[in-house]
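Notes for the one structure printed next.
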Amino acid sequence: MISCDDELRHWPADEAQARAVQDRLRPHVRLDEAGPEPGFEGTVVGVDVAYDDERDVVAAAAVALDARTRAVVDRATGVGQVSFPYVPGLLAFREIPTVLKALGRLARTPDLVVCDGYGLAHPRRFGLASHLGVLTGLPTIGVAKNPFTFRYAPPGPERGATSPLLDGTEEVGRALRTQQGVKPVFVSVGHRTDLDRACAHTLHLAADYRLPETTRAADALCRRALADA
DNA sequence: GCGACAG
DNA sequence: ATCTTGTCGC
């Protein structure tokens with residue numbers, strides 16, 4: 001089993017070590033579970049992070065929404081020092097320590113976590129959402145604003161339309177149109193759920209805007225936490 | 001070697 | 001991610 005505390009204590013010091021950690025943890029990703037059904041009774045938690053490189057400060061937020069009504073039921077923040085530089089493919093090492101602080105301050109355990117970034121849609125199939133899922137044991141999905149290095153054909157113009165996000169011929173996620181005529185978001189599985197449900201959750205959470213309410217709420221809160229830090 | 005590259 | 005003016009529109 002994975003010990004979250006041990007992983008935090010042995011945080012990689014360089015890129016080679018970070019890639020080795022990803023290769024070691026990757027086999028712990030579970031793709032054989034359905035995960036919570038869309039509209040389930042419970043909480044969906046959005047997490048996001050903001051940086052102040054001048055002060056070397058990072059602030060994270062975790063906002064819990066009622067999975068059915070999308071009402072905010074809890075919120076928590078955490079602050080810390082930047083623990084890793086931004087390197088494409090190694091984003092998790094920059095965000096996870098502070099995200100875990102915020103998650104740990106929620107009143108109850110999330111039923112699903114929505115990350116700002118990717119899960120399996122990653123060069124080594126182990127993006128931020130998968131990494132956070134393995135460390136916490138929670139079902140996670142990734143919703144990104146950009147296609148990263150992957151290819152996709154534009155989905156249809158209507159809300160709910162999807163197209164495969166491809167690494168070569170492998171579908172690593174989906175481009176999902178959450179609002180009519182608006183640029184799609186890029187959904188991938190993190191841990192303990194499947195792509196169909198990941199897209200259904202994302203669509204439900206993005207009823208009014210391009211991005212899921214979880215992401216919007218966490219983004220606003222971590223910016224405020226950074227300003228107050 | 002050069003360009004691309006989640007946040 | 002963050003830096004930033006004005007501008008179009010509900």
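Letters go in sequence order (proteins before strands), and every chain restarts at 1.
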Would you say the ring centers of A:Phe186 and A:Tyr152 fall short of 6.0 Å from each other?
yes
Across all chains, not counting sequence neighbours, the salt bridge (Lys or Arg N to Asp or Glu O under 4.0 Å) partners of A:Asp56 are none
Would you call A:Arg26 and A:Asp23 a salt bridge, using N to O less than 4.0 angstrom?
no
Salt bridge (Lys or Arg N to Asp or Glu O under 4.0 Å) involving A:Arg94 - partner list, sequence neighbours excluded:
A:Asp53
Is any side-chain N of the basic residue among A:Arg223 and A:Asp48 closer than 4.0 Å to the acidic one's carboxylate O?
no
Side-chain contact test, heavy atoms from C-beta onward, threshold under 4.5 Å: evaluate it for A:Leu226 versus A:Tyr51 and give yes or no.
no
Run the salt-bridge test on A:Asp196 and A:Arg174 with the 4.0 Å N-O cut-off and return the result as yes or no.
yes
Are more than 12 heavy atoms, taken from residues, nucleotides or ligands other than A:Arg124, located less than 6.0 Å from that residue's CZ atom?
yes
Is any side-chain N of the basic residue among A:Arg24 and A:Glu7 closer than 4.0 Å to the acidic one's carboxylate O?
yes
Can you give each donor-acceptor pair under 3.5 Å made by side-chain atoms of residues 40-47 of chain A, sequence neighbours left out, with the distance rounded to 0.1 Å?
none

Sorted by chain and number, sequence neighbours left out, side chain to side chain donor-acceptor pair (under 3.5 Å) with A:Asp52 holds for A:Arg55
In dot-bracket form, 5' to 3', how is DNA chain B paired? Count Watson-Crick and G-U wobble pairs only if both distances fall under 3.5 Å, and write | where the partner sits on another strand.
.......
Reading DNA chain B from 5' to 3', where do the contacts with chain A start and stop? Cut-off is 4.0 Å to heavy atoms.
B:dC5 to B:dG7
So, does A:Ser163 use its side chain to make a donor-acceptor pair with the main chain of A:Ala153 at under 3.5 Å?
yes
Per-nucleotide pairing state of DNA chain C [Watson-Crick or G-U, under 3.5 Å; [ ] pseudoknot-crossing; | other strand]:
..........
If every non-hydrogen atom of A:Ala18 is compared with every non-hydrogen atom of A:Phe84, which pair is closest and at what distance?
CB-CZ, 3.8 Å
Within residues 192-202 of chain A, find the residues that approach DNA chain B with a heavy atom at under 4.0 Å, and present them sorted by residue number.
none
All N/O pairs under 3.5 Å across the protein-nucleotides 1-5 of chain C interface:
from  : atom 1 : to       : atom 2 : distance (Å)
C:dA1 : OP1    : A:Arg223 : NH2    : 3.4
C:dA1 : OP2    : A:Lys145 : NZ     : 3.1

Heavy-atom contacts under 4.0 Å between residues 148-167 of chain A and DNA chain B, which residues?
A:Phe148, A:Thr149
Under 3.5 Å, which donor-acceptor pairs do the side chains of residues 129-138 of chain A form with other protein atoms, sequence neighbours left out?
from     : atom 1 : to       : atom 2 : distance (Å)
A:Ser130 : OG     : A:Gly190 : O      : 2.8
A:Thr136 : OG1    : A:Leu132 : O      : 2.8
A:Thr136 : OG1    : A:Leu138 : N      : 3.2

Between protein and nucleotides 7-10 of chain C, what N or O pairs are separated by less than 3.5 Å?
none

Using a heavy-atom cut-off of under 4.0 Å over every strand shown, decide if A:Gly89 touches base, sugar-phosphate, or nothing.
base
